[in-house]
Asker: 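Pasting in a structure now, in structure tokens, and then I'll have a few things to ask.
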Amino acid sequence: MSGLPIRQVAFFVEDVRAAARAHHEAFGSGPFFVADNIPLARAVHRGVERELDHSSAYGQWGDVMVEFVAQNNSGPSPFRDLYPEGSGRWGMHHVAVFVDDVDTELARFAARGAPCALRAEMTDGFVFAFADTTATMGLFTELYAPTKTLVDFYAMVAQAAKDYRGSDPIQTIRLT
């Protein structure tokens, strides 16, 4: 599990726009690109296929991407694993790393005591997963392969931060 630099830090929040705006005001991060109701073809949480409707705000914070994520539907999820539904608790949820093969890395993490909490596939075939590293790190580790689309998205967010000139720090985008 060494040699996997953190590409993103992510926080579970009630409202992605409010959290992004507050983070921007406190730390100068952003601008943020908000994707509402991110479409998933499939989500398997702890071995059970479930609906997972979530929205995210993505921005740059120094050398790393920061994400604010909210779950829009009720029910179990890796977000609710750490911050139970109705608890009113929110906070840091995961770090993200690039891996060559998501399933191979999930197996490596599981062999070291960090089982798969979620494996999800977006409607375009992009796969991401959460290894449950909460026992050792206090948060989850998100795994995804650095596809051209993902790398380009990271580059766009980083460039937007360099080009930002003080306009509204919140923009809506659509992910497929």
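Count residues from 1 along the sequence. Source: prediction; values computed, not measured.
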Asker: Once you round to the nearest 0.5 Å, how far does OG of Ser74 lie from CD of Glu51?
Answerer: 8.5 Å

Asker: The test is side chain to side chain contact (heavy atoms under 4.5 Å, CB included); show your working for Phe140 and Phe12 and say whether it passes.
Answerer: CA-CA 11 Å; Phe140 290 87; Phe12 183 57; over 6 Å; no

Asker: Could you tell me whether Asp152 atom CG has more than 12 heavy atoms of other residues or ligands within 6.0 Å of it?
Answerer: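 Result for CG/Asp152: enclosed.
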
Asker: Rounded to the nearest 0.5 Å, how far does CD of Gln8 lie from CD of Glu142?
Answerer: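 Going from CD on Glu142 over to CD on Gln8, the span is 5.5 Å.
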
Asker: Indicate yes or no: at least one non-hydrogen side-chain atom of Pro76 is less than 4.5 angstrom from one of Arg50.
Answerer: yes

Asker: Go through Arg17 and Thr172 one step at a time and tell me if the side chain to side chain contact (heavy atoms under 4.5 Å, CB included) criterion holds.
Answerer: CA-CA 10 Å; Arg17 285 173 176 80; Thr172 300; 3.1 Å; yes

Asker: Checking Thr123 against Arg42 for the side chain to side chain donor-acceptor pair (under 3.5 Å) test, could you report, in this order, the C-alpha distance in whole Å, the side-chain angles of both residues, the deciding distance, and whether it holds?
Answerer: CA-CA 8 Å; Thr123 56; Arg42 185 166 192 229; over 6 Å; no

Asker: Are there more than 12 heavy atoms of other residues, nucleotides or ligands under 6.0 Å from atom CG of Asp100?
Answerer: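 No, not enclosed.
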
Asker: So which heavy atom on Pro5 is nearest to which on Val97, and how close?
Answerer: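 Taking Pro5 first and Val97 second, the nearest heavy atoms are O-CG1, 3.5 Å.
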
Asker: So does Asp103 pair up with Arg108, basic N to acidic O under 4.0 Å?
Answerer: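 No, Asp103 and Arg108 are not salt-bridged.
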
Asker: Please name the pair of heavy atoms, one in Val102 and one in Ala145, separated by the smallest distance, quoted to 0.1 Å.
Answerer: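 It is CG2-N, 3.9 Å.
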
Asker: With sequence neighbours excluded, tell me which residues meet side-chain contact (heavy atoms from CB on, under 4.5 Å) with Asp168.
Answerer: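 Once residues adjacent in sequence are excluded, the partners of Asp168 under the side-chain contact (heavy atoms from CB on, under 4.5 Å) criterion are Arg21, Ile170.
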
Asker: Taking Glu14 for its side chain and Ala18 for its backbone only, find out whether a donor-acceptor pair lies under 3.5 Å.
Answerer: no

Asker: Any side-chain heavy atom of Val95 within less than 4.5 Å of one from Leu139?
Answerer: yes

Asker: To the nearest 0.5 Å, how far apart are CG in Asn72 and OG in Ser55?
Answerer: 4.0 Å

Asker: At their closest point, which heavy atom of Ala57 faces which heavy atom of Ala20, and how far apart are they?
Answerer: CB-CB, 4.0 Å

Asker: Determine, using the 4.5 Å side-chain heavy-atom cutoff (strictly less than), whether Phe68 and Ile6 are members of one ILVMFWY cluster.
Answerer: yes

Asker: Does a side-chain heavy-atom distance below 4.5 Å link Gln60 with Tyr164?
Answerer: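 A side-chain contact is absent here, since even the closest heavy-atom pair is not under 4.5 Å.
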
Asker: Between the side chain of Trp61 and the main-chain N/O of Gly59, is any donor-acceptor distance below 3.5 Å?
Answerer: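 Pair absent, no side-chain N/O of Trp61 close to backbone of Gly59.
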
Asker: Please name the pair of heavy atoms, one in Leu40 and one in Leu52, separated by the smallest distance, quoted to 0.1 Å.
Answerer: CD1-O, 3.4 Å

Asker: State which residues pass ring pair (Phe, Tyr, Trp, His ring centres under 6.0 Å) with Phe130; sequence neighbours excluded, sorted by chain then number.
Answerer: Phe79, His93, His94

Asker: Show your reasoning for whether side chain to side chain contact (heavy atoms under 4.5 Å, CB included) applies to Thr149 and Phe126.
Answerer: CA-CA 9 Å; Thr149 301; Phe126 180 78; over 6 Å; no

Asker: Assigning hydrophobic clusters by single linkage (Ile, Leu, Val, Met, Phe, Trp, Tyr; side-chain heavy-atom cutoff under 4.5 Å), is Phe11 placed with Phe27?
Answerer: yes

Asker: Could you tell me whether Asp36 and Arg174 have a side-chain N and a carboxylate O separated by less than 4.0 Å?
Answerer: no

Asker: Output, in order, the C-alpha distance, side-chain angles, deciding distance and verdict of side chain to side chain contact (heavy atoms under 4.5 Å, CB included) for Asp81 and Arg46.
Answerer: CA-CA 10 Å; Asp81 287 350; Arg46 308 249 181 227; 2.9 Å; yes

Asker: Determine which pairs satisfy ring pair (Phe, Tyr, Trp, His ring centres under 6.0 Å) with at least one residue from residues 35-56, sequence neighbours left out, and list them in order.
Answerer: none

Asker: What I'd like to find out is whether the side chain of Asp101 reaches to under 4.5 Å of the side chain of Val99, using heavy atoms alone.
Answerer: no

Asker: For this output row, return yes or no: ring centroids of Tyr58 and Phe33 closer than 6.0 angstrom.
Answerer: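 They do not qualify: ring centres at least 6.0 Å apart.
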
Asker: Within the 4.5 Å heavy-atom criterion, are Phe128 and Leu118 side-chain neighbours or not?
Answerer: yes

Asker: Could you tell me which non-hydrogen atom of Ala114 sits nearest to which non-hydrogen atom of Ala131, and how far apart they are?
Answerer: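 Residues Ala114 and Ala131, closest heavy atoms: O-CB, 4.1 Å.
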
Asker: Check whether Tyr144 and Met137 end up in the same hydrophobic cluster, where Ile, Leu, Val, Met, Phe, Trp and Tyr are linked by side-chain heavy atoms less than 4.5 Å apart.
Answerer: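 In one cluster with Tyr144: Met137, no.
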
Asker: Any side-chain heavy atom of Phe32 within less than 4.5 Å of one from Val157?
Answerer: no

Asker: How many angstroms lie between atom OG of Ser29 and atom NE2 of His24, to the nearest 0.5 angstrom?
Answerer: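 Taking OG in Ser29 and NE2 in His24, the distance rounds to 7.0 Å.
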
Asker: Please check if the side chain of Thr133 supplies one atom and the backbone of Thr136 the other of a donor-acceptor pair under 3.5 Å.
Answerer: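 Checked: no pair found.
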
Asker: Indicate yes or no: at least one non-hydrogen side-chain atom of Val64 is less than 4.5 angstrom from one of Arg7.
Answerer: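 No, their side chains stay 4.5 Å or more apart.
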
Asker: According to a hydrophobic-cluster definition based on side-chain heavy atoms being under 4.5 Å apart (Ile, Leu, Val, Met, Phe, Trp, Tyr only), do Leu150 and Leu175 belong together?
Answerer: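 Yes; Leu175 is reachable from Leu150 via cluster members.
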
Asker: Give the cluster check for Leu143 versus Met122: same hydrophobic cluster or not, with ILVMFWY residues linked at side-chain heavy-atom distances below 4.5 Å.
Answerer: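 As far as the 4.5 Å side-chain criterion goes, Met122 and Leu143 are not connected within one cluster.
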
Asker: Taking side chain as C-beta onward, heavy atoms only, is Ile173 less than 4.5 Å from Phe153?
Answerer: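 A side-chain contact under 4.5 Å exists here.
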
Asker: What closest approach, in Å, do Val16 and Ser56 show between heavy atoms, and which atom pair accounts for it?
Answerer: CG1-CA, 4.1 Å

Asker: Do any N or O atoms from the side chain of Asp53 and from the backbone of Ile38 form a donor-acceptor pair under 3.5 angstrom?
Answerer: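 Flag not set: sc Asp53 to bb Ile38 has no pair under 3.5 Å.
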
